Amino acid sequence: LAKTTQPISMDSYEGQEVNITCSHNNIATNDYITWYQQFPSQGPRFIIQGYKTKVTNEVASLFIPADRKSSTLSLPRVSLSDTAVYYCLVGDGGTGFQKLVFGTGTRLLVSP
Amino acid sequence: IAGITQAPTSQILAAGRRMTLRCTQDMRHNAMYWYRQDLGLGLRLIHYSNTAGTTGKGEVPDGYSVSRANTDDFPLTLASAVPSQTSVYFCASSVGGGGNIQYFGAGTRLSVL
């Protein structure tokens, strides 16, 4: 299993860009990197997934360097509603089954 | 589209009682999962099923059992509840296993007294 390491918490202000970095030194060739967001009293929600380089959707961007041993979730112009816990996971995106490890995530607090 | 439905939403249970948490998905996903989340901690995998008819143990399986009789349903049973099983339980599903995107239910908040 590929283990991930992320900061326990981060603080930001409304309108700022937030970058959360995740380390995954043991990532395997077939592993994809996936980020989830969790609000209090709710289940995690998929944000973005990538394999290499850069992926962007309407919510966030994901930057993955060539060695893939880390990844950075970028949230542009955060608002108060982005206050949540963010989880980085790595796992086989193909047909092989793996048990994913969520870890404790990064608690992001956005202030006015 | 309902996605994943969990029931009940919350439950208070006496220690020693048997309890089944229900999980149903309508997305025809092959893989399903049960996690527990304790205050201040991340999600820990209890059991999983990568296809109907098969199940496997996750990180914290003791005291829990699951079954996967069909694609849609994945119930989690506590045979004899103990206070340490007080937690929020989330069910999830994905098209395949591993890194495939997982879709989560709203959770069941269980208190064992």
Side-chain angles (χ1 to χ4, degrees), chain A residues 1-9 22 24 26-52 55 57 59-60 62 64 68 71 84-107, chain B residues 2-6 9-10 21 23 25 27 29-61 66 68 87-110:
Chain A
L1 289 175
K3 178 177 171 58
T4 61
T5 302
Q6 3 175 175
I8 293 174
S9 64
C22 178
H24 27 79
N26 296 326
I27 190 168
T29 302
N30 291 334
D31 284 345
Y32 281 69
I33 301 156
T34 311
W35 285 80
Y36 291 84
Q37 175 191 56
Q38 185 179 27
F39 297 115
S41 302
Q42 294 185 26
R45 181 175 71 103
F46 167 79
I47 300 176
I48 197 166
Q49 183 181 70
Y51 183 80
K52 62 180 179 180
V55 179
N57 61 24
V59 176
L62 179 60
I64 306 168
R68 304 200 326 123
S71 59
V85 178
Y86 294 82
Y87 297 95
C88 163
L89 283 81
V90 296
D92 192 337
T95 57
F97 185 87
Q98 288 187 5
K99 292 173 284 186
L100 299 177
V101 178
F102 267 81
T104 55
T106 297
R107 187 172 301 273
Chain B
I4 294 223
T5 303
Q6 290 186 237
T9 302
S10 64
L21 307 185
C23 176
Q25 54 108 352
M27 298 175 283
H29 285 171
N30 289 321
M32 296 189 74
Y33 317 79
W34 273 106
Y35 295 89
R36 63 176 287 173
Q37 185 171 37
D38 302 304
L39 189 63
L41 300 179
L43 287 85
R44 293 185 290 171
L45 182 65
I46 305 171
H47 285 285
Y48 64 91
S49 167
N50 59 359
T51 189
T54 67
T55 62
K57 294 181 179 180
E59 183 184 357
V60 288
V66 292
R68 187 88 184 277
S87 187
V88 180
Y89 292 86
F90 291 102
C91 179
S93 71
S94 65
V95 172
N100 277 233
I101 298 168
Q102 294 188 22
Y103 297 85
F104 285 79
T108 294
R109 186 175 299 274
L110 180 67

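In what follows, every chain begins at residue 1, and chains take the letters A, B, ... in the order their sequences are listed. None of these values were measured; they are calculated from a predicted model.
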Relative to each other, are the rings of A:F46 and A:Y36 parallel, tilted or perpendicular (30° and 60° limits)?
-> perpendicular
Can you tell which part of B:R44 gets under 4.5 Å to a heavy atom of chain A, answering side chain, backbone, both or neither?
-> neither
For the residue pair B:F90 and B:F104, does the interplanar ring angle fall in the parallel (under 30°), tilted (30 to 60°) or perpendicular (over 60°) class?
-> perpendicular
Which heavy atom in B:N30 sits nearest to a heavy atom in B:R68, and how many Å separate them?
-> O-NH1, 2.9 Å
Measure distances from B:Q6 to the heavy atoms of chain A and classify the residue's part below 4.5 Å as side chain, backbone, both or neither.
-> neither
When the 4.5 angstrom heavy-atom criterion is applied to B:Y35 and chain A, the contacting part is side chain
Tell me whether the centres of the aromatic rings in B:Y48 and B:Y33 are closer together than 6.0 Å.
-> no
